[in-house]
Amino acid sequence: MLKIAASMPQQYRDASAEDLAARIAAAKEQLGERLLILGHHYQMDEVMDFADARGDSFGLSRIAADRRDADLIVFCGVHFMAESADILTGPEQQVVLPDLSAGCSMADMADIDQVEAAWADLATVVDIERVMPITYMNSTAAIKAFVGRHGGAVCTSSNARAVLSWALGAEDGTSRADRVFFLPDQHLGRNTALAMGYPIDELMLWDPAQRLGGLETGAIERSRVLLWKGHCSVHGRFTLDQVERFRAEHPDGKVVVHPECTQDVVDAADAWGSTDFIIKWIEAAPEGTVVTIGTEVHLVKRLADEHPEMTITCLDDEVCPCVTMARIDAPHLAWVLEEAVAGRVRNQITVDPETSRWALVALERMLEIT
Ligand code: 13P
Ligand code: SF4
């Protein structure tokens, strides 16, 4: 297929919702089995309605790795997810992100030059061979490759505990490292390590803007997990105050949150876990449950629509969408599909072979561990 970089024509923005839905369905029909549309749980319904598979970032990466028969994968999610899909799929498979501006502000908080500099800094204090880099899926392919090259693994919010255990030998006693360098989400790293029983004074925040991460050498030597100073601006909006107000209004109500929320919010919740965990929690809850959810609002709204037998609200009543996830909309989906029907692959995501090789090592380690 011919690859051409182009922007979406205005006619897609002007089309009605009904027209777009009909055109997406028709293009899907024409592309048949060779097309696979993957939808992350945060996607809008106008897109999700056409996903062949829905999932969290872990589930979607597994599907991308397994579906060798699909030669065109349209990833409805954000850039790092499409990159991971490209890395996990074969060279003959093409991965498309309907809008290239669908990034992730958290992934952008760790760039490879900063990480290389931090690693060199760290090596002046501790035996770097005994430091294991672990990166959250929400990171660039270059960071994943760095981690792969240095013996580490990727994790997602579904398996962060298993991956940290693998690194630190918490559960099988086989310690692969003295400490973990956890990128780029401090909250997922902290919440997971605390749940595993590591004391807070062994979890150190590494500020990439400062020499030695802003830490004393003694603090680095004492650390078990060094947490990169990154966060999600969407989940950062949830507060302990919101949890307390909900509890005051609904003494029997439940609070379920994503581990990208801050520690005080996670500690105050009844349950926490990945987007897939949250969905399963709701599916298992009894009729009449009153629950507030601390995660991206499109998922919360979908759950509320699908479960009228419960009262489901978003913990932040001001509503907090992930604006970059929402850049994948029906016009962009219709455009890339109709272009594919015409033999033109738009917005293909390709990771260079060297980066891909090492990032694959880190991703495959994760898939083996979990
Ligand atoms: P999941 O790992 O639950 O899919 O979450 C990804 C994400 O970007 C959450 O903000
Ligand atoms: Fe990134 Fe946060 Fe959006 Fe998830 S919700 S994709 S972490 S910005």
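One-based numbering, in listed order, for ligands and for the atoms of each.
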*Asks:* Please determine, by modelled atom types, if Thr156 and Ser57 share a side-chain donor-acceptor pair under 3.5 angstrom.
*Replies:*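 Not at all, the side chains of Thr156 and Ser57 share no donor-acceptor pair under 3.5 Å.
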*Asks:* To the nearest 0.1 Å, how far is atom 1 (Fe) of ligand 2 from its closest protein heavy atom, and which atom is that?
*Replies:* Cys104 SG, 2.4 Å
*Asks:* Please indicate whether Gln10 has more than 12 foreign heavy atoms, meaning atoms of other residues, nucleotides or ligands, lying under 6.0 Å from its CD.
*Replies:*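 It does: Gln10 CD has more than 12 such atoms within range.
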*Asks:* Of all the atoms in ligand 2, which lie at a distance below 4.0 Å from a heavy atom belonging to Cys322?
*Replies:* 3 (Fe), 5 (S), 6 (S), 8 (S)
*Asks:* Do Phe146 and Trp358 have their ring centres less than 6.0 Å from each other?
*Replies:*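 No: the rings miss the under 6.0 Å criterion.
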*Asks:* Please check if atom NZ in Lys28 has more than 12 non-hydrogen atoms from other residues, nucleotides or ligands closer than 6.0 Å.
*Replies:*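 Count over threshold, so yes.
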*Asks:* Looking only at the side chains, is there a donor atom on one of Ser105 and Asp108 sitting less than 3.5 Å from an acceptor on the other?
*Replies:* no
*Asks:* Give the residue, atom name and distance (to 0.1 Å) of the protein heavy atom nearest atom 9 (C) of ligand 1.
*Replies:* Glu260 OE2, 3.0 Å
*Asks:* Counting only heavy atoms, which portion of Asn138 has something under 4.0 Å from ligand 1: side chain, backbone, both, or neither?
*Replies:* side chain
*Asks:* Short N/O distance, under 3.5 Å, between Ser57 and ligand 1?
*Replies:*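 Ser57 vs ligand 1: N/O contact under 3.5 Å present.
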*Asks:* Below a 4.0 angstrom heavy-atom separation, can you tell me which part of His41, side chain or backbone, both or neither, approaches ligand 1?
*Replies:*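 Contact part for His41 vs ligand 1: neither.
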*Asks:* Are any N, O or S atoms from Cys232 nearer to atom 2 (Fe) of ligand 2 than 2.8 Å?
*Replies:* yes
*Asks:* Hey, does Asp56 come in under 3.5 Å of ligand 1, counting only N/O atoms on both sides?
*Replies:* no
*Asks:* Measuring from non-hydrogen atoms of Phe58 to any atom of ligand 1, is the shortest distance under 4.0 Å?
*Replies:*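 Not so, Phe58 does not reach ligand 1.
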*Asks:* Using distance alone, determine whether Thr156 and ligand 1 share an N or O pair under 3.5 Å.
*Replies:* no
*Asks:* Give the numbers and elements of all ligand 1 atoms closer than 4.0 Å to a heavy atom of His235.
*Replies:* 10 (O)
*Asks:* Atoms of ligand 1 less than 4.0 Å from Ser274 heavy atoms?
*Replies:* 3 (O)
*Asks:* Test salt bridge (Lys or Arg N to Asp or Glu O under 4.0 Å) on Arg62 and Asp66 and set out the steps.
*Replies:* CA-CA 6 Å; Arg62 267 213 184 284; Asp66 291 347; 5.6 Å; no
*Asks:* Between Met137 and ligand 1, which residue portion shows a heavy-atom distance shorter than 4.0 Å: side chain, backbone, both, or neither?
*Replies:* neither
*Asks:* Under 4.0 Å from any heavy atom of Tyr42, which atoms of ligand 1 are there?
*Replies:* 7 (C), 9 (C), 10 (O)
*Asks:* Would you find more than 12 non-hydrogen atoms of other residues, nucleotides or ligands less than 6.0 Å from Glu92 atom CD?
*Replies:*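 Counting other residues, nucleotides and ligands, CD of Glu92 exceeds 12 neighbours.
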*Asks:* Which atoms from ligand 1 have a heavy atom of Thr275 less than 4.0 Å away?
*Replies:* 1 (P), 3 (O), 4 (O)
*Asks:* Which of the atoms in ligand 2, numbered in the order shown and given with their element, are less than 4.0 Å from a heavy-atom of Glu260?
*Replies:*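 So the atoms of ligand 2 that pass are 2 (Fe), 7 (S).
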*Asks:* Tell me which protein heavy atom sits closest to atom 8 (S) of ligand 2, plus the residue, atom name and distance to 0.1 Å.
*Replies:*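 Result for atom 8 (S) of ligand 2: Ser105 OG, 3.6 Å.
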*Asks:* With a 4.0 Å cut-off on N to O distance, would you call Asp270 and Arg247 a salt bridge?
*Replies:*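 Looking at Arg247 together with Asp270, the answer is yes, because their closest N to O distance falls below 4.0 Å.
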*Asks:* Between ligand 1 and Ser157, is the shortest N or O to N or O distance under 3.5 Å?
*Replies:* yes
*Asks:* For Phe182 together with Trp228, are the ring centres under 6.0 Å from each other?
*Replies:* no
*Asks:* Indicate yes or no: does Arg67 engage Asp69 in a salt bridge with an N to O separation below 4.0 Å.
*Replies:*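 Here Arg67 pairs with Asp69 in a salt bridge, since their nearest N and O are under 4.0 Å apart.
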*Asks:* Salt-bridged, Arg23 to Glu338, with N to O below 4.0 Å?
*Replies:* yes
*Asks:* At under 4.0 Å between heavy atoms, is it the side chain or the backbone of His258 that contacts ligand 1, or both, or neither?
*Replies:* side chain
*Asks:* Specify the protein heavy atom at minimum distance from atom 6 (C) of ligand 1: its residue, its atom name, and the distance to 0.1 Å.
*Replies:* His40 NE2, 3.7 Å
*Asks:* Would you check, one step at a time, whether the test side-chain hydrogen bond (donor to acceptor under 3.5 Å, both in side chains) holds for Gln11 with Asp14?
*Replies:* CA-CA 5 Å; Gln11 56 123 324; Asp14 296 340; over 6 Å; no
*Asks:* Take His298 and Gln43 through the side chain to side chain contact (heavy atoms under 4.5 Å, CB included) test and state the conclusion after the steps.
*Replies:* CA-CA 7 Å; His298 289 104; Gln43 289 291 296; over 6 Å; no
*Asks:* With a 4.0 Å cut-off on heavy atoms, is Met325 touching ligand 1?
*Replies:* no
